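A short worksheet on the structure shown next.
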Amino acid sequence: MKSGDPRLVSALVIQKVLAGRSLSELLPQYLDRLADSRDRGLVQAICFGVMRNYLKLHFIQRQLMAKPLKSRDRDIEALVLIGLYQLLYLRVGDHAAVHETAGAANKLRKRWAVGLINGVLRNFQRQREGLIEALEGEPEARYAMPGWLLHALQTQWPESWQQRAEALNSHPPMSLRVNRQINSRDDYLDLLRKNGIDAEPMPRVESGINLTRAMDVESLPGFARGCVSIQDGAAQLAAGLLGLQPGQHVLDACAAPGGKSCHMLEMEPEIELTALDSDAERLQRVSENLSRIGRRATLQQGDAADPDGSWTSQCYDRILLDLPCSATGVIRRHPDIKYLRRETDIINLVKLQNKILDTVWRLLKPGGVMLYATCSILPQENELQLQQFLSRQADAKEDVMDVPWGEARSVGRQIAPGEDGLDGFYYARLIKRAT
């Protein structure tokens, strides 16, 4: 059933995020409940904004409430957070922010909560200046960043951690990858301008464009014909680091949703590409993306940590290993990561990466190249992982990348969040010695 209340829909989404589910999983199904595109835009703005600023909003909420709400009332907690977010950040009239948000509790059949929400939001209006000042003494709340991640930023970038935290909390641009088999980037920029779409080229990313304002992807000129795709600039760097040549056998070992697979085929259509993923539904997205750009690959469902099936019967000239990771470098695009990810998760992720790295390395031909990639800023998943790998694999050596982006680490290069407007990414290029 279509609903006309974007605040109610936002509360239902945020309630489930607070219970452990992700925005990327929830939003598509909940946005379908709204008939008006403006309401869908408001829901997206509220949900991303609340999760981007959750620790700040939660701190303010605690100061204004005598006792915390029970877990069964997470929907009411979500409405309080939504109201605070509107009052702090959105160009919504204060009366509408308070009245409409409190009124949504009626639609949840929790009439008792209308007065509570109204009172909390009115008190915030009266105490706003003092509450904002109190944030200064609470780093986690001030920077809207969990303590363990804030510490990681401070350790990694001791002189610029505030800048990195702000970059992770920023609103990301809508980033495009131009298919240069069809158009040059300059030609596509001209096409955008002719269609009244403001855009600018990405620095250091030859295929990259940032839009000044986000828009419906289906409205992009030539999108349906594969002229352009959505992809952050840092992710676009991967294909160019592999040294692709016609006839090479290439494995994209953790391929879904297929952006890097598509980019490889746009750069060198004559490679023999195998795209692997363990999830059948996500592999279908790879197929759809390949179909849209008019390219083919061998799609294989399989687990890179436990090789089995026809994809293991050959060795490869090039392997892209874009591993499951903490995703701490892409928080600006997935702000719920700050709430959902725990420091204790990192140990298990590092073990999984370790296993996949050792396992897939066996499938690389002597003289072949493997590109190790994560969208993480944590050394445990990046240079420390590669140091250990190189110490136990006698036939592996680093191929140092001579590139104008990122910071050199003991192994590989780390792109800091916000560097040239990019997400936080890590890359290391390895060569297998001939035995």
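Model, not experiment: these values are computed from the prediction. Because only heavy atoms are used, hydrogens play no part in the values below, and waters and symmetry mates are left out as well, while side chains stay in.
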* To do: Output, in order, the C-alpha distance, side-chain angles, deciding distance and verdict of salt bridge (charged side-chain N to carboxylate O under 4.0 Å, His left out) for D232 and R332.
  => CA-CA 11 Å; D232 179 74; R332 64 178 184 164; 3.2 Å; yes
* Test side-chain contact (heavy atoms from CB on, under 4.5 Å) applied to V250 and L244, step by step -> CA-CA 9 Å; V250 180; L244 299 171; 4.0 Å; yes
* Could you walk me through whether S229 and N179 pass the side chain to side chain donor-acceptor pair (under 3.5 Å) check? -> CA-CA 8 Å; S229 300; N179 184 348; over 6 Å; no
* Would K260 and L320 satisfy side-chain contact (heavy atoms from CB on, under 4.5 Å), going step by step from the backbone distance to the final call? -> CA-CA 9 Å; K260 296 181 182 69; L320 173 59; 3.7 Å; yes
* To do: Go through the steps for Q353 and E381 under the test side chain to side chain donor-acceptor pair (under 3.5 Å), then give the verdict.
  => CA-CA 8 Å; Q353 294 157 4; E381 300 182 276; 2.8 Å; yes
* Asked: After noting the C-alpha distance and the side-chain angles of R333 and S175, does the key distance pass the side chain to side chain donor-acceptor pair (under 3.5 Å) rule?
  -> CA-CA 11 Å; R333 298 187 187 277; S175 301; 3.2 Å; yes
* To do: Walk me through it: do D73 and W112 pass the test side-chain contact (heavy atoms from CB on, under 4.5 Å)?
  => CA-CA 11 Å; D73 293 320; W112 59 267; 3.7 Å; yes
* List the steps and the verdict of side-chain contact (heavy atoms from CB on, under 4.5 Å) for Y143 and W161. => CA-CA 11 Å; Y143 293 100; W161 63 269; 3.6 Å; yes
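Scanning both residues, I209 and A199, for their nearest heavy atoms gives CG2-CB, 3.7 Å. Taking each heavy atom of R318 and L242 in turn, the nearest pair found is NE-O, 2.5 Å. Of all heavy-atom pairs between L220 and I230, the closest is CD1-CD1, 4.1 Å. Minimum interatomic distance between I293 and C262 (heavy atoms only, all atoms of both residues): CD1-CB, 3.6 Å. Considering every non-hydrogen atom in both P6 and L42, the closest pair reads CG-CD2, 3.6 Å.
Atom CG of N210 sits about 8.5 Å away from atom CG of L422, to the nearest 0.5 Å. Atom CG of L265 is separated from atom CZ of R295 by 7.0 Å, given to the nearest 0.5 angstrom. Between the OG atom of S10 and the OH atom of Y85 there is a distance of 10.5 Å, given to the nearest 0.5 Å. Summarising the geometry, atom CG belonging to D252 is positioned 10.5 Å from atom CD1 belonging to I319; distances are rounded to the nearest 0.5 Å. To the nearest 0.5 Å, atoms CD (Q231) and CG (N289) are separated by 10.0 Å.
The pair R21-E25 meets the salt-bridge criterion, with a side-chain N (NZ, NE, NH1 or NH2) lying under 4.0 Å from an Asp/Glu carboxylate O. At a threshold of 4.0 Å, the pair D5-R7 does not count as salt-bridged, since none of the basic side-chain nitrogens sits closer than that to a carboxylate oxygen. Using a 4.0 Å cut-off between charged side-chain N and carboxylate O, R213 and D198 make no salt bridge.
Proximity of a side-chain donor or acceptor of Q414 to a complementary backbone N or O of F425 within less than 3.5 Å is detected. Here the side chain of R429 pairs no donor or acceptor atom with the backbone of V369 at under 3.5 angstrom. In this structure a side-chain-to-backbone donor-acceptor pair under 3.5 Å is missing from D32 to P28. When atom types are taken as modelled, the side chain of S376 and the backbone of S326 share no donor-acceptor pair closer than 3.5 angstrom. A donor-acceptor distance shorter than 3.5 angstrom exists from the side chain of E398 to the backbone of G412, with no hydrogens or angles considered. Looking only at distances, no side-chain donor or acceptor of R413 sits under 3.5 Å from a matching main-chain atom of A428. Panel note: side chain Q86, backbone I82; a donor-acceptor pair is recorded below 3.5 Å. For the pair S170 (side chain) and A167 (backbone), a donor-acceptor distance under 3.5 Å is present. Looking at Q284, its side chain never comes within 3.5 Å of a backbone N or O of A280 through a donor-acceptor pair. At least one donor-acceptor pair under 3.5 Å links the side chain of R40 to the backbone N or O of A35.
Between the side chains of R52 and N169, no donor-acceptor pair is found at a separation under 3.5 Å. A side-chain N or O of Q387 and one of S410 form a donor-acceptor pair less than 3.5 Å apart. In this model, no donor atom of one side chain and acceptor atom of the other lie less than 3.5 Å apart for Q301 and D277. At a cut-off of 3.5 Å, with distance as the only test, no side-chain donor of Q156 or R164 sits close to an acceptor on the other residue. Looking only at atom types and distance, the side chain of D336 has no donor-acceptor partner in the side chain of S22 under 3.5 Å away. Q380 and Q385 are not linked by any side-chain donor-acceptor pair at a separation below 3.5 angstrom, with hydrogens and angles left out of the test. Side-chain contact check for S278 and D303: no donor-acceptor pair (N or O, by modelled atom type) lies under 3.5 Å. Side-chain N/O atoms of S207 and Q236 include a donor and acceptor closer than 3.5 Å. Side chains of R292 and S287: a donor-acceptor N/O pair is absent below 3.5 angstrom, by distance only. A side-chain donor-acceptor contact under 3.5 Å links W157 and E407.
Counting only heavy atoms from C-beta outward, the side chains of C227 and V178 never approach each other to under 4.5 Å. You'll find the side chain of E200 stays beyond 4.5 Å of the side chain of T212, heavy atoms only. For the pair W361/L430, a side-chain contact is recorded, criterion being any heavy-atom separation below 4.5 Å from C-beta on. L116 places a side-chain heavy atom less than 4.5 Å from the side chain of M65. By the 4.5 Å heavy-atom criterion applied to side chains, Y54 and K338 are not counted as neighbours. You'll find the side chain of N118 reaches within 4.5 Å of the side chain of V98, heavy atoms only. L81 is not listed as a side-chain neighbour of N53, based on a closest heavy-atom distance of 4.5 Å or more. Between P257 and V286, the closest side-chain pair of non-hydrogen atoms is not below 4.5 Å.
No more than 12 heavy atoms of other residues, nucleotides or ligands lie within 6.0 Å of CD in E133, so this atom counts as exposed by the packing criterion. No more than 12 heavy-atom neighbours from other residues, nucleotides or ligands sit within 6.0 angstrom of CZ on R225. Within 6.0 Å of atom CZ in R128, more than 12 heavy atoms from other residues, nucleotides or ligands are found, so the atom counts as buried in its surroundings. Atom CD of Q29 has more than 12 neighbouring heavy atoms from other residues, nucleotides or ligands inside a 6.0 Å radius.
Each of H263, E266, E206 was scored for a side chain to side chain donor-acceptor pair (under 3.5 Å) with R177, with one residue passing: E266.
Residues satisfying the side chain to side chain contact (heavy atoms under 4.5 Å, CB included) criterion with P139, sequence neighbours excluded, are L150.
Residue pairs satisfying the side chain to side chain donor-acceptor pair (under 3.5 Å) criterion with at least one member in residues 339-349, sequence neighbours excluded, are absent.
Cation-pi geometry between R409 and Y426 is not met at under 6.0 angstrom from the ring centre and within 45 degrees of the axis.
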